[in-house]
Amino acid sequence: MGRHGWNSGARRWRLTALLGVGVAALALVVTLLNTLPGNGASTEGTTRDGDKVHGSPTATPDATNPEVGWGFTHTQYSADEGAAAAVKRVEGRLADAGGLPQIQHIMGWGADNPEPVEGRYDFEAMDRRIDFVRASGSTPVVTLCCAPDWMKGGKAGVDDTNWSQGALETAPEPEHFDDFAALAVTVAKRYPDVRHFIVWNEFKGFWNDAEARWDHEGYTKLYNLVYRALKKVNPDIMVGGPYLVMDSVDPRAEEASKALTGPWGALDQRTVDAFAYWNEHKAGADFVVVDGSSYTRDDELLPDEFTATDKFTAVGEWVRKQTGDLPLWWAEYYVEPADGNDDRKGWSEARRVAVQAAGMIALAKGGATSGFYWNPQEEKGTECAGCLWTPTDTAGGGAKLPMYDLVARFSKEFRPGTEHRPVSVDKPDVRVLATNHVILAVNTLDRQTSAKIDGKKVELQAYEVRWLER
């Protein structure tokens, strides 16, 4: 899809320093290269013991629960790096909040190529991210994407990873599906406290050009191999998929499905078909994973940005019906269309947080119990539109931002197992979600409004998000 960044900032190991130091040294280097695995591919900085347990595994909050709650995904930059004081600030804040579940991919989005040469591993960046999750008292979730280059027709070698979008979004070749499943096993053994694994990301690379549809057969084959392999490592490991993008289109479009439509548009029939195939042929699943945006594939917010979030409710109810009520996860969810640079900076933060809150309400109403905010973290600076905290490059960094307050409070109040309770509201422009103890209220107007919520009059400022005690 290319809607979010993938650059891992991978180290570029160099052999240059070893060259040009005399004929004898050069001959030695050539000899060594000719004896390296992968036909001379560089393995500098890698190890053979990728499955060696890293660090000190922790007792994660939801180690036995397929529903982990509301958290976020680490992207290219995150709080695992930067000034020590800023890193500690974010870790402590998350721990004090009871921990927020966190997703990390195995390659890209902050992680280096985990197996640049077959049998040689580099988990340094991944280790650092897992250490951060552990230090923040949170549940780690690993997304098994993407695949090393040698599994998808590219070159092996530490220096030869192709970090372009097209390369990263290429699926492993079928003859390497077993190799990818073996890599998943290595990851599971290295981090035994990771009990939740998502297989692949958005069907990247799984497209059938000849038939202009998703290659759901190929994805499902890979999924089943990974599922069975992880269950052999530990039957208590929980695995989910298919992480399909729930694309919607104009209901009049040729590819529009009749199965699910609404004012927000219609699901793409090819997505419906791919989901149905995986659901019927999967080896098993402990939870079901989807992602998507409230807007259409053409970036239309139908009929407006707040009403468009009703798509999340409709899709969630449909997915749970198809799967027999498997726990529902949204690995990503978007409410603000991106610009040409894939940035979401066009709205004010107040508007952004309000629409996000409406989206999370819609997700929960659709039966989701786990959802992950895609944190668009910046490496440096003092501003970060839509981010959970300020960049951690300086000692004063890591300060919480409005989006953090929303996600953290939502995680606290609507944990898995929390029952939603009816609440009265006399204004359609105010969206609410409630438990026995608290009400989340969102003013969808860009002006002040007054509403009677739960029998009490409440004044809400433009785009205000407020928590009310019951």
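- Val199 has its side chain out of reach of Tyr227: every pair of non-hydrogen atoms, C-beta onward, lies at least 4.5 Å apart.
- Under the 30°/60° scheme for interplanar angles, the aromatic rings of Tyr219 and Phe206 are found to stand perpendicular.
- Cation-pi contact between Arg93 and Tyr404: present, with separation from the ring centre below 6.0 Å and deviation from the ring axis of at most 45°.
- Of the candidates Ile106, Asp122, Asp149, Asp149 is the only one forming a side-chain contact (heavy atoms from CB on, under 4.5 Å) with Asn113.
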Evaluate Glu115 against Tyr121 for side chain to side chain contact (heavy atoms under 4.5 Å, CB included), listing each step before the verdict. CA-CA 4 Å; Glu115 193 179 1; Tyr121 303 95; 3.5 Å; yes
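- Phe287 and His196 have tilted rings, their planes meeting at an angle from 30° to 60° on a 0 to 90° scale.
- Annotation: side chain of Glu305 is not in contact with side chain of Val335 (no heavy-atom distance under 4.5 Å).
- Salt bridge present: Arg297 and Asp247 bring a charged side-chain N and a carboxylate O closer than 4.0 Å.
- Atoms NZ and OG1, on Lys282 and Thr220 in that order, are 10.0 Å from each other to the nearest 0.5 Å.
- For Arg447 and Asp429, the salt-bridge test fails: no basic side-chain N is under 4.0 Å from an acidic carboxylate O.
- Residues Leu401 and Thr390 meet the side-chain proximity criterion, which asks for heavy atoms closer than 4.5 Å.
- Looking at Asp268 and Arg270, a side-chain N of the basic residue comes within less than 4.0 Å of a carboxylate O on the acidic one, giving a salt bridge.
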Asn162 vs Ser164, test: side-chain hydrogen bond (donor to acceptor under 3.5 Å, both in side chains). Steps then yes/no. CA-CA 6 Å; Asn162 185 343; Ser164 69; 2.9 Å; yes
Report the C-alpha separation of Leu260 and Val272 in whole Å, then their side-chain angles, then the decisive distance to 0.1 Å, and conclude whether the side chain to side chain contact (heavy atoms under 4.5 Å, CB included) test is met. CA-CA 9 Å; Leu260 187 56; Val272 173; over 6 Å; no
Going through the distances and angles, do Asp131 and Asp80 end up as a side chain to side chain contact (heavy atoms under 4.5 Å, CB included)? CA-CA 8 Å; Asp131 286 342; Asp80 59 304; over 6 Å; no
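- Within the model, atoms CE of Met151 and CG of Leu183 stand 5.0 Å from one another, a figure rounded to the nearest 0.5 Å.
- The two residues Ala462 and Asn443 have their closest heavy-atom pair at CA-ND2, 3.8 Å.
- Side-chain atoms of Asp304 come within 3.5 Å of backbone atoms of Thr307 as a donor-acceptor pair (strictly under, hydrogens ignored).
- Note on Lys345 versus Glu378: salt bridge recorded, some NZ/NE/NH1/NH2 to OD/OE distance being below 4.0 Å.
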Yes or no on ring-ring contact (aromatic ring centres under 6.0 Å, His included) for Phe312 and Trp264, after CA distance, side-chain angles and deciding distance? CA-CA 10 Å; Phe312 294 141; Trp264 42 267; 9.5 Å; no
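- Of the candidates Trp214, Trp318, Phe203, Phe275 forms a ring-ring contact (aromatic ring centres under 6.0 Å, His included) with just one, namely Trp318.
- Annotation: side chain of Arg190 is in contact with side chain of Asp127 (closest heavy-atom distance under 4.5 Å).
- Contact of the Gln102 side chain with the Leu94 side chain is registered, since non-hydrogen atoms from C-beta on lie closer than 4.5 Å.
- Side-chain atoms of Gln322 and Val288, non-hydrogen and from C-beta on, never get closer than 4.5 Å to each other.
- Checking each of Ser248, Ser293, Ser294 against Lys311 for a side-chain hydrogen bond (donor to acceptor under 3.5 Å, both in side chains) leaves exactly one that passes, namely Ser248.
- Between Asp273 and Arg213 there is no salt bridge, since no side-chain N of the basic residue sits under 4.0 Å from a carboxylate O of the acidic one.
- Separation of atoms NZ (Lys400) and CG (Asp405) is listed at 4.0 Å; rounding is to 0.5 Å.
- Annotation: Tyr223 is in aromatic contact with Trp278 [ring centroid separation under 6.0 Å].
- Using a 4.5 Å heavy-atom cutoff, the side chains of Leu144 and Leu230 are in contact.
- Ring pair Trp70/Tyr333 is perpendicular by interplanar angle, where above 60° counts as perpendicular and below 30° as parallel.
- Checked against a 6.0 Å centroid threshold, the rings of Trp389 and Phe72 count as neighbours.
- Rounding to the nearest 0.5 Å gives a distance of 4.5 Å between CZ of Arg129 and CD of Gln104.
- Within the model, atoms OG1 of Thr143 and CD1 of Ile103 stand 4.5 Å from one another, a figure rounded to the nearest 0.5 Å.
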May I have the step-by-step check of side chain to side chain contact (heavy atoms under 4.5 Å, CB included) for Val194 and Ile130, ending in yes or no? CA-CA 9 Å; Val194 176; Ile130 295 296; 4.2 Å; yes
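- Note: Glu67 CD to Ser370 OG = 6.0 Å, rounded to the nearest 0.5 Å.
- You'll find the ring centres of Trp329 and Tyr243 outside the 6.0 Å limit.
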